[in-house]
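Here the structure comes first, spelled out in structure tokens, and everything after it is commentary.
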Amino acid sequence: MHRSGIVMAWNVFKFCTALRGLGSIMILLVLAVIGVTYYAFVLTNYGPALYDGGLNSLTALLLLIIFHALLLMLLWSYFSVVFAEPGFVPPSWRPVMDEERGEADLFDGPDFSAVPSQPLHPKVRFCRKCSQLKPPRCHHCSVCGKCVLKMDHHCVWVVNCVGALNYKYFLLFLFYTFLETSLVTVSLLPQFIAFFSDGEIPGSPSTLATTFLAFVLNLAFALSVLGFLIMHISLVAANTTTIEAYEKRTTPKWRYDLGRKKNFQQVFGMDRRYWFIPAYSDEDLRRMPELQGLHYPSNPELAQEV
């Protein structure tokens with residue numbers, strides 16, 4: 001039994017090391033998929049259609065404008081997730097009395113223990129790997145090797161943790177990826193159907209192959225991203241994360257559930273002008289400390305029950 005535990009720990013360590021090793025490879029893979037899509041959509045199909053004249057030119061122009069607008073937002077959101085810090089615990093962080101009242105130890109396990117030096121905060125958790133106190137809703141990431149504030153998961157596609165400070169950017173990346181891949185899939189559908197017709201298809205073998213590949217890739221990404229998007233919308237509505245949703249399966253009431261509107265604002269902010277861009281207004285950053293990942297208001301009706 002002991003030997004099995006050692007082997008499991010070793011395998012997990014190897015897996016985390018492999019994820020670190022992916023590094024820029026995943027970013028290059030994302031850019032490669034975008035490059036294939038751009039070549040098939042813009043250079044091969046709808047770019048040349050601008051010179052056809054009539055309704056075809058107007059349709060191509062409209063599709064190209066929408067395509068480039070969505071691509072701009074997709075890339076902005078993507079690199080915001082890649083380069084933004086997910087939120088790490090400040091070395092000088094100490095808990096506030098009201099913040100820890102009624103806190104359930106969601107991540108109870110061998111890596112965490114109560115802090116003897118904090119008698120007024122029996123629920124405060126301590127990370128033995130980082131040798132520091134853990135704020136509420138914080139979790140240790142074995143890939144990053146740090147405790148991440150309001151950690152959702154470590155995403156190999158962005159080569160970064162998704163946490164309190166970049167969760168909104170991640171959601172926008174999913175949103176714009178779904179819109180972009182759906183647009184490309186629907187727009188290239190006639191060309192894809194033509195592959196299976198008896199008529200002659202215009203274009204060289206390389207351009208036809210690229211169009212076919214772009215359609216298949218975008219269809220696959222649209223369907224898979226849609227599933228992730230629906231899941232994360234439900235998480236935002238309940239003010240929880242992927243890790244917390246798993247850990248509180250037996251807890252019907254969640255102390256941080258403030259209602260869908262306030263739950264949404266804790267991720268996207270209160271300023272509507274910034275809801276669809278990967279940024280926050282200065283005013284929201286000043287008036288909403290939860291956007292910093294250290295302090296989260298609790299539902300007063302549930303704070304004492306959980």
Side-chain angles (χ1 to χ4, degrees), residues 24 26-47 49-50 58-87 152-153 155-189 214-215 217-237 263-285 288 291:
S24 58
M26 298 304 297
I27 298 177
L28 294 176
L29 179 59
V30 171
L31 295 179
V33 173
I34 293 175
V36 170
T37 300
Y38 194 91
Y39 179 82
F41 190 90
V42 179
L43 302 181
T44 301
N45 289 280
Y46 289 97
L50 290 173
L58 291 176
T59 302
L61 178 61
L62 178 61
L63 289 175
L64 287 172
I65 291 175
I66 298 175
F67 175 88
H68 283 92
L70 291 176
L71 180 61
L72 174 63
M73 298 307 300
L74 187 159
L75 290 174
W76 185 9
S77 301
Y78 178 70
F79 284 108
S80 294
V81 186
V82 171
F83 294 113
E85 180 184 300
D152 188 87
H153 69 289
C155 181
V156 295
W157 289 101
V158 302
V159 200
N160 196 4
C161 253
V162 177
L165 303 188
N166 63 355
Y167 185 47
K168 173 187 175 182
Y169 311 157
F170 175 75
L171 294 178
L172 291 176
F173 168 59
L174 292 181
F175 176 68
Y176 289 118
T177 298
F178 173 70
L179 294 181
E180 181 82 324
T181 54
S182 297
L183 173 69
V184 173
T185 300
V186 173
S187 301
L188 295 183
L189 182 59
F215 175 85
L217 286 175
N218 280 270
L219 176 61
F221 275 106
L223 294 177
S224 59
V225 169
L226 177 60
F228 280 110
L229 192 57
I230 293 175
M231 181 190 77
H232 281 283
I233 289 175
S234 66
L235 293 176
V236 171
N263 293 345
F264 177 86
Q265 291 175 344
Q266 284 200 9
V267 176
F268 288 87
M270 299 176 67
D271 194 333
R272 297 182 180 182
R273 298 172 299 172
Y274 287 77
W275 281 358
F276 293 100
I277 63 174
Y280 293 102
S281 67
D282 292 336
E283 185 178 0
D284 274 352
L285 292 175
M288 299 184 67
L291 295 179

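This chain uses plain numbering: 1 for the first residue, then up along the sequence. Values in this document were obtained by computation on a predicted structure and should not be read as measured data. Below, each value reflects all heavy atoms present in this structure, side chains not excepted, and no hydrogens, waters or symmetry copies.
- Heavy atoms only, all atoms of each residue included: P278 and M73 are closest at CD-CE, 4.3 Å.
- The structure places CD1 of I277 at 9.5 Å from OG of S80, a figure rounded to the nearest 0.5 Å.
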key: Trace of the side-chain contact (heavy atoms from CB on, under 4.5 Å) decision for L174 with V225   = CA-CA 6 Å; L174 292 181; V225 169; 4.2 Å; yes
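- At least one donor-acceptor pair under 3.5 Å links the side chain of S234 to the backbone N or O of M231.
- Each of F79, F178, F173 was compared with L74 under the side chain to side chain contact (heavy atoms under 4.5 Å, CB included) criterion, and only F173 meets it.
- Between the side chain of T44 and the backbone N or O of F41, no donor-acceptor pair lies under 3.5 Å.
- Across L188 and A214, no two heavy atoms sit closer than the pair CD1-CB, 4.1 Å.
- For the pair L75 and I34, the minimum side-chain heavy-atom distance is below 4.5 Å.
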inquiry  = Please evaluate residues I233 and L229 with respect to the criterion side-chain contact (heavy atoms from CB on, under 4.5 Å), reporting the C-alpha separation (whole Å), side-chain torsions for both, the decisive distance (0.1 Å), and the verdict.
reply    = CA-CA 6 Å; I233 289 175; L229 192 57; 4.2 Å; yes
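- Counting only residues at least two apart or in different chains, side chain to side chain donor-acceptor pair (under 3.5 Å) contacts with residues 220-229 are absent.
- Partners of Y176 under the ring pair (Phe, Tyr, Trp, His ring centres under 6.0 Å) rule, at least two apart in sequence or in another chain, do not exist in this structure.
- In this structure I230 satisfies the side-chain contact (heavy atoms from CB on, under 4.5 Å) test together with L226, sequence neighbours excluded.
- Distance SG/C161 to CZ/F170: 11.5 Å, rounded to 0.5 Å.
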query = Going through the checks in order, is the side-chain contact (heavy atoms from CB on, under 4.5 Å) test met by L235 and D152?
reply = CA-CA 10 Å; L235 293 176; D152 188 87; 4.1 Å; yes
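- Remark: F221 CZ to T177 OG1 distance equals 9.0 Å, nearest 0.5 Å.
- Partners of E85 by salt bridge (charged side-chain N to carboxylate O under 4.0 Å, His left out), not counting sequence neighbours: none found.
- A279 and Y169 make their closest contact through N-CE2, 3.6 Å (heavy atoms, listed as atom of the first residue, atom of the second, distance).
- Remark: Q266 pairs with N239 by the side-chain hydrogen bond (donor to acceptor under 3.5 Å, both in side chains) rule, at least two apart or across chains.
- A49 and A60 get closest at one heavy-atom pair: CB-CB, 3.8 Å.
- Side-chain atoms of N160 and P86, non-hydrogen and from C-beta on, do get closer than 4.5 Å to each other.
- N218 is linked by a side-chain hydrogen bond (donor to acceptor under 3.5 Å, both in side chains) to T37, counting only residues two or more places apart in sequence or in another chain.
- The six-membered or imidazole ring of H153 lies away from that of F228, with a centre-to-centre distance of 6.0 Å or more.
- Note that CZ of F276 and CG of L172 are 8.0 Å apart. Values are rounded to the nearest 0.5 Å.
- When the side-chain contact (heavy atoms from CB on, under 4.5 Å) test is applied to D271, the partners found at least two apart in sequence or on another chain are R273, Y274, S281, D284.
- Interatomic distance, CG of L183 versus CG of L71, reported as 11.0 Å (0.5 Å rounding).
- Judged as a side-chain contact (heavy atoms from CB on, under 4.5 Å), and not counting sequence neighbours, the contacts of V42 are Y38, L64, F67, H68.
- Rounding to the nearest 0.5 Å places CG of N166 at 9.5 Å from CG of L171.
- Contact of the I27 side chain with the Y78 side chain is registered, since non-hydrogen atoms from C-beta on lie closer than 4.5 Å.
- Of all non-hydrogen atoms in M288 and Q265, the two that sit nearest each other are CE-O, 3.1 Å.
- Not counting sequence neighbours, the partners of Y167 by the side-chain hydrogen bond (donor to acceptor under 3.5 Å, both in side chains) test are H232.
- Remark: F264 pairs with V236, F268, W275 by the side-chain contact (heavy atoms from CB on, under 4.5 Å) rule, at least two apart or across chains.
- A pairwise comparison of heavy atoms in A40 and N45 identifies O-ND2, 2.5 Å as the closest pair.
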